[in-house]
Amino acid sequence: IISSRDRAAQAFRVTRDAFQVQAGVHANLGKLEAWSPRGGDCPPGLPPAAWKGNKSEHENGLKILGIPLGQPAYINAILADRIEKEKELLDHLPQLPDLQCAWSILIYCAVPRANYLMRSIPPLLCSTYATNHDQALLDCFANLLHLGRPLHADDRTAQQCALPLK
C-alpha cells in the first residue's frame, strides 16, 4: 500500500478487509506492506511489521509485482540482488550440452528478463543494472561461442549482437 503516513493505517484496514470480503481470503500480513515516500514512525493502528517507511535507506521501500518502489538505495539493493540471480542462470548456460538450447534460453529468456524492470523503473535508477545486465549477456554469449576474450559494448561483435533478429 502506498499512502501518506496519515492514511496508511486506514488504507491497510480497507485493503485487508476487502481481501476477506471480496475474495474470501485472509490477507497474508507478511506480504501486505505499507510505505510512504515521506517515511516516519509507524502510524498508530498499523502493524509495525507492515510499515516500511521507517526502515534504513537500503530497506525503505516495497516491491509491487516484482518492481521495487522506494528510496534509491532500496531500489539499487533490489537490482543488485536481481543481477546476481540473473548471472546464476547465465553461468549455467555454457554448461548445457546443446548449444542451440543454450542460445534459445539466452535469447528468449535471459535477454527479456530485464525489460519489465527497465520499463517500470526510471532510467536514472536502473542505468547501472541495465549496464550490468548487458555486460552479463555479452559475457555469456562469449562463453557460449568460446571466443576466448570478453566482449564490451563498443566491440563490433557486441554491436552486431544488439541488432534485431528479424
Problem set entry | Distance-minimising heavy-atom pair for Trp35 and Leu62 | CB-CD2, 3.3 Å
Exercise. Under the 3.5 angstrom rule, does the side chain of Asn60 hit a backbone N or O of Gly53 as a donor-acceptor pair?
Worked result: yes
Exercise. Which atom pair, heavy atoms only, marks the closest approach of Pro44 to Ala9?
Worked result: O-CB, 3.3 Å
Exercise. Below 4.0 angstrom, N of the basic side chain to O of the carboxylate: do Arg149 and Asp155 qualify?
Worked result: yes
Exercise. Is it the case that one hydrophobic cluster holds both Ile1 and Ile64, taking links as side-chain heavy atoms less than 4.5 Å apart, direct or via other members?
Worked result: no
Problem set entry | Heavy-atom side-chain contact between Ile78 and Lys63 under 4.5 Å | yes
Exercise. Can you find a pair of side-chain heavy atoms, one from Leu96 and one from Ile105, that are under 4.5 Å apart?
Worked result: yes
Exercise. Is any side-chain N of the basic residue among Lys85 and Asp81 closer than 4.0 Å to the acidic one's carboxylate O?
Worked result: yes
For this session: List the steps, then state whether ring-ring contact (aromatic ring centres under 6.0 Å, His included) holds for Phe12 with Trp51.
Result: CA-CA 10 Å; Phe12 188 89; Trp51 181 243; over 10 Å; no
Problem set entry | Note, Ile121 side chain near Pro68 side chain (heavy atom, < 4.5 Å) | yes
Problem set entry | Contact summary for Leu79 and Leu117, nearest pair of heavy atoms | CD2-CD1, 4.0 Å
Problem set entry | Hydrophobic cluster membership, Tyr108 vs Leu93, 4.5 Å side-chain cutoff | yes
Exercise. After noting the C-alpha distance and the side-chain angles of Arg16 and Leu32, does the key distance pass the side-chain contact (heavy atoms from CB on, under 4.5 Å) rule?
Worked result: CA-CA 8 Å; Arg16 181 198 60 208; Leu32 186 57; 4.1 Å; yes
Problem set entry | Shortest non-hydrogen contact between Ala77 and His58, atoms and distance | CB-O, 4.2 Å
Exercise. Cys42 and Arg5: which non-hydrogen atoms are nearest, and at how many Å?
Worked result: O-NH2, 3.8 Å
Problem set entry | Met118 vs Tyr129 side-chain heavy atoms within contact, under 4.5 Å | yes
For this session: Could you tell me which residues satisfy salt bridge (charged side-chain N to carboxylate O under 4.0 Å, His left out) with Lys31, sequence neighbours excluded, listed by chain and number?
Result: none
Seminar exercise, completed: Distance col, row Asp139:CG vs Asn143:CG, nearest 0.5 angstrom, shows 7.0 Å
For this session: Compute whether any side-chain donor of one residue and acceptor of the other, for Asp98 and Trp103, lie under 3.5 angstrom apart.
Result: no
For this session: Go through the structure and list residues passing salt bridge (charged side-chain N to carboxylate O under 4.0 Å, His left out) with Arg82, not counting sequence neighbours.
Result: Glu86
Exercise. Looking at Tyr116 and Ile67, what are the two nearest heavy atoms and their distance?
Worked result: CE2-CD1, 3.3 Å
Problem set entry | Single-linkage hydrophobic cluster, 4.5 Å side-chain cutoff, Val14 and Phe19 together | no
Exercise. Are Leu137 and Leu106 close enough that some pair of their side-chain heavy atoms sits under 4.5 Å apart?
Worked result: yes
